[in-house]
Chemist: 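Sending over a structure as structure tokens; questions will come in a sec.
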Amino acid sequence: MSFQMKNAYARRALQAATATLFAALGSVAHANWGGLNMPEGVTILSKKIYGLHQLILLICVVLAVVVFGVMIYSLIKFRRSKGAEPDKTMVHSTKVEIIWTIVPILILVGMAVPIAKTLIEIEDMGKVELNVKVTGYQWKWEYEYLGQNVSFFSTLDRKSNAARQLGSGIDPNSVEHYLLNVDNPLVIPAGVKIRFLLTAQDVIHAWWVPAFGMKKDAIPGYVNEIWVQVDADKVGTYRGQCAELCGQDHGFMPIVVEVKSPADFDVWLRAKQAEQKVAGEPAAPATVASAAAAVTTAQ
Ligand SMILES: [Cu+2]
């Protein structure tokens, strides 16, 4: 290989490497900080959890900067090649031992106070305005609005279900919200404290909507509870998934929550109540005779 050829190869390799580097830098510039951080969410609790995360991260960063700063400075300043001799006065010094025990304790207690406050709030089910029972099944969800005579199943939407079949020939990219859409979304009002009672019919599932900051197991024979209050101005659609490996179709039982304004929610709830009342009402006996027969059979 001639020198010129080698040179040409080297130049092309350099060009390719430069192009890759610029592409990488470009994507870093495009990724906003929000994409790196945890989502803030749209509920009272999700925002508190996010705030805690930011606070603890800040404390950790400050500690790391101070500790590593002192460490690196000492390593460089007092290196042996500069003739530094180890200082033996601090070995087994009670004063130092006390300081480096007390200071971390104070930091941990300082962190525990806001954390405990938020944890207590997460468990506080007082002043709930609406109760929704959520039951996990292999592989769908059932939502029951307690005391409202409304309940329904929520399963993977038809388009996703058709596309996911082996050899369906349907490009999943052509399906909107592939595997993240359902036939009957859960509908809740914004600005209202709602309690979710989570349970399961068969195996353990977990109900998780990241924007709500809440995820909890749905366990057969056991009722877990969480509460959610979406900000009044955060009307919209939020998506989640089952977050506990629950069998072969675990990946096919998404969660979709439509958050409506309280007025729109009332309209929806009344329509749903009317619809389910009609569907659930036993057919009236056609004649007195058939009514009597029905009574006889019942006895
Ligand atoms: Cu599941």
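First listed ligand is number 1; within each ligand, the first listed atom is number 1. The structure presented is a predicted model; accordingly, all values stated were derived computationally and were not measured. Nothing fancy with the numbering, it's 1 onward along the sequence.
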Chemist: With the Cu ion (ligand 1) at the centre, find the angle made by SG from C246 and SG from C242, to 10°.
Modeler: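 Between SG of C246 and SG of C242, the angle at the Cu ion (ligand 1) is about 120°.
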Chemist: Would a single hydrophobic cluster contain both V134 and F265, if residues Ile, Leu, Val, Met, Phe, Trp and Tyr are joined by side-chain heavy-atom contacts under 4.5 Å?
Modeler: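 Cluster IDs for F265 and V134 match.
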Chemist: Salt bridge check: are K140 and D183 linked by an N-O gap of less than 4.0 Å?
Modeler: no
Chemist: How about H205: does one of its N, O or S atoms come closer than 2.8 Å to the Cu ion (ligand 1)?
Modeler: yes
Chemist: Would you say Q138 has an N, O or S atom lying under 2.8 Å from the Cu ion (ligand 1)?
Modeler: no
Chemist: Just wondering, do V187 and K260 contact through their side chains at under 4.5 Å, heavy atoms?
Modeler: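 Yes. Closest side-chain heavy atoms under 4.5 Å.
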Chemist: State, without any angle test, whether Y222 and D217 hold a side-chain donor-acceptor pair at a distance under 3.5 Å.
Modeler: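 Per modelled atom types, Y222 and D217 side chains form no pair under 3.5 Å.
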